[in-house]
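Report on the structure given below.
All heavy atoms count here, side chains included; hydrogens, waters and symmetry mates do not.
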Amino acid sequence: MTTVNWVADFSKRCATTLEHVGDEVFGSAKRDGAIIQYSAELSASPAGLFIKRSRARAANGLWEDALQDANEAVKADPSCPWGYEARHAALHGAEKYDEAIDAFGSMLQVIEESRDPATRELVSSMMKEVDNQRILRVVAKFFGYVMFSHAWQGNEPLFQDVNIAKSVWNLSDMPLNEKLRSFCKETRRLGYNWAWSDTCCIDKTTSSVLNQSLTSMYKWYANSAATLVFLAGVAHPSKPGDLTHSLWMTRAWTLQELLAPKVIFFYDSEWKLYLGDTSANHKESPEIMQELADAIEVPHGTIVTFSPDDFGVHEKLRLASTRSATVEEDVAYSLIGIFKSDIRPHYGEGPDALGHLLEEIVARSGEVTVLAWSGKSSLYNSCLPASISVYRQIPHNPPSLEGEEMEICISKLRDKLPRQEVQKIYNKINRLSPARFAARRLHLPCIVFSVKSLEKPRKGNETLYRARVSGLGTVMFTTADDLPLHEPKKFVFAHPWIRHIRGPCSGIIWESDLDSDTDPGSELDAGAGSDEVASWQIVCGDDPESGTDTDSVYHDAESDVVGPPSPLPVTVPHVDDYTRALQTIARLGQPFNALLLVQQPGGEYKRVAAENEIVVSGLGTNITSKNILAEVLEIL
């Protein structure tokens, strides 16, 4: 009897030792050794060891063997939920997804019905009041993923390569494979379990997967636990300025990879932290952020807390203008997230991709600052540029009329213009509809100035032209286009910056008879207390050019005010209606960047691409309703 007890005790201790050794071997990633150790112990503790060997085999990608062990574990102890969990993992790895779902359901049922004290305690703890914030932190830490940002260097490992090898660790010992492995190692070192690289985590052979990835990329970087930036061309040890002059800073896709993440780390060519900065987040490094802010010419804090709503349209285009892409369409597709765009990628459309992006910007917001450029026109639409690089130019920005300067201008206009004339001019401007695109045709609201004559002032300069323009006088400009001087072509200069003319509080329209000979004073002074209140509408903050849906306005029956609902109050100093109209006309008189258009046989227009901005002097205070032609032109 003593011998029997000794044998049983010895066997138990051997089993425990073998299991412990198996656990250690499995933890060291030597899974074949773990399988051997667990196999030796199976006779002593079958269910638990089958589960562990199943997990070890699954980690080696031996899905059928792992499934066999999981089934044996379930057979040995049907009341243990972890056998079903191992079965689920093996079935999922074998891509038997329906069966995997059934196995997961069985696991949940066994957990719910279990009489095992430890399992019941687990279920009970889940039903009690818990620390939700702690759970969120633990879950976020476990599922937090790290994104890779780098400049492609050639034949990077693709989705199919990793799929065939089953693991990045099984890829051949090539430099670009090692780059990917180094990224994964650094992800592990930082304490994360999940890593994503654009090289091998997108099946680019499936268009639906590729399109979804491209349109979601910004959000993926924004929601990442961290983004690791590999600067292949920056030697170790790195020094200040290396990041600014790196290839990474010239690539189109890396703009959003810089701006979107909340946490970012930069590495040199030896995977050492840039400048040796070991801080918890390089976006909190004053030295690195200042280097980047100086390079892209934005405020320091903008990179740290960037949101797509932080910048205007032209500023975003300026940031993108210094970057390039190997594939032409990526110049536009890389900006989908930054512009919160809905365009769908379609490789093969070439330069039309940029046209689609700019068209959508205009269509969604009525924003026409995309027209502020000089250079070569796009074949998509003559008002759009052929290249995003033109937005490097700083467009003409008229000074804001404020304070004493505005008062002087208004005083001159009061003396020159009768109130009815003010009313006519003002309503012409504010009745213009928002800019829009239809079938690649731009319908552009603008103030139009006719060209009376066009000539080349001197020989030897074939690109310089002189135009005599109604209301504007002489305008000089240069263009590489050979303009017809002796043909009956109609040229016009357009002032498209209606939003600037309208000012911060715009859209008032007096619905009175504009040809009436009656005194309009009661209409124009209605806001100052007149008993005869004219019918009018007002838009503050979002003017009619913004494309506000007319179905979303509200109406105040007492004040007779119509406008768009706004979640935030807009504070505008009270100005009587007549003065506000005069302010608008004063802004109309300022110098502006004009578009030169030539009429086509069908009545539409095309933009003449100027080599430099055409900045004209403006009307000043010499404004009458007769020389203000407010129209919506259709531009091809």
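- Counting only heavy atoms from C-beta outward, the side chains of Y218 and I338 approach each other to under 4.5 Å.
- Enclosure of atom CG in D98 is not indicated, since only 12 or fewer non-hydrogen atoms of other residues, nucleotides or ligands lie within 6.0 angstrom.
- Each of P395, P385, S387 was checked for a side-chain contact (heavy atoms from CB on, under 4.5 Å) with W373, and the lone residue meeting it is P385.
- The aromatic rings of F183 and F148 lie parallel to each other, their planes meeting at an angle below 30°, with 60° marking the opposite boundary.
- Ring planes of W248 and F266: perpendicular class, angle over 60° (limits at 30 and 60°).
- Within the cation-pi definition used here (under 6.0 Å to the ring centroid, within 45° of the axis), K316 does not qualify as a partner of Y391.
- Electrostatic pairing of R57 and E64 does not count as a salt bridge here, judged by no charged N lying under 4.0 Å from a carboxylate O.
- No side-chain heavy atom of S269 sits under 4.5 Å from any side-chain heavy atom of V234.
- In this structure, I288 and Y274 have side chains that are in contact, with non-hydrogen atoms separated by less than 4.5 Å.
- Summarising the local packing, CG of L379 is surrounded by 12 or fewer heavy atoms from other residues, nucleotides or ligands at distances under 6.0 Å.
- Side-chain contact between I303 and H300 is absent, with no heavy-atom pair separated by less than 4.5 Å.
- D203 pairs by the side chain to side chain donor-acceptor pair (under 3.5 Å) definition with Q160, T205, T206, not counting sequence neighbours.
- With salt bridges taken as basic N to acidic carboxylate O contacts below 4.0 Å, none links R344 and E349.
- Distance CZ/R53 to CD/Q68: 7.5 Å, rounded to 0.5 Å.
- V362 meets the side chain to side chain contact (heavy atoms under 4.5 Å, CB included) test with V370, A435, F437, L442; sequence neighbours excluded.
- For H245, the NE2 atom counts as loosely surrounded, since its 6.0 Å shell holds 12 or fewer non-hydrogen atoms of other residues, nucleotides or ligands.
- For K272, the NZ atom sits in a loose shell: 12 or fewer heavy atoms of surrounding residues, nucleotides or ligands are nearer than 6.0 Å.
- Taking a 6.0 Å sphere around CZ of F104, one finds it holds 12 or fewer heavy atoms contributed by other residues, nucleotides or ligands.
- Within a 6.0 Å sphere centred on CD of Q290, heavy atoms belonging to other residues, nucleotides or ligands number more than 12.
- With a 4.5 Å cut-off on side-chain heavy atoms, T215 and N211 do not count as touching.
- Contact between H150 and D198 at its shortest, heavy atoms only, is NE2-OD1, 3.1 Å.
- Put simply, CZ on R318 and CD1 on I388 are 12.0 Å apart, with the number rounded to the nearest 0.5 Å.
- Remark: N155 CG is loosely packed, at most 12 non-hydrogen atoms of other residues, nucleotides or ligands lying under 6.0 Å away.
- Considering only heavy atoms from C-beta on, L275 comes within 4.5 Å of P240 through its side chain.
- For the pair E178/K185, a side-chain contact is recorded, criterion being any heavy-atom separation below 4.5 Å from C-beta on.
- In this structure, the side chains of M249 and L292 come closer than 4.5 Å at one or more pairs of heavy atoms.
- Note on R323 versus D330: no salt bridge recorded, every NZ/NE/NH1/NH2 to OD/OE distance being 4.0 Å or above.
- No salt bridge links R251 with E257; every basic N to acidic carboxylate O contact stays at or beyond 4.0 Å.
- By the side chain to side chain contact (heavy atoms under 4.5 Å, CB included) test, W194 is found to be paired with F142, F143, Y145, residues two or more places apart in sequence or in another chain being considered.
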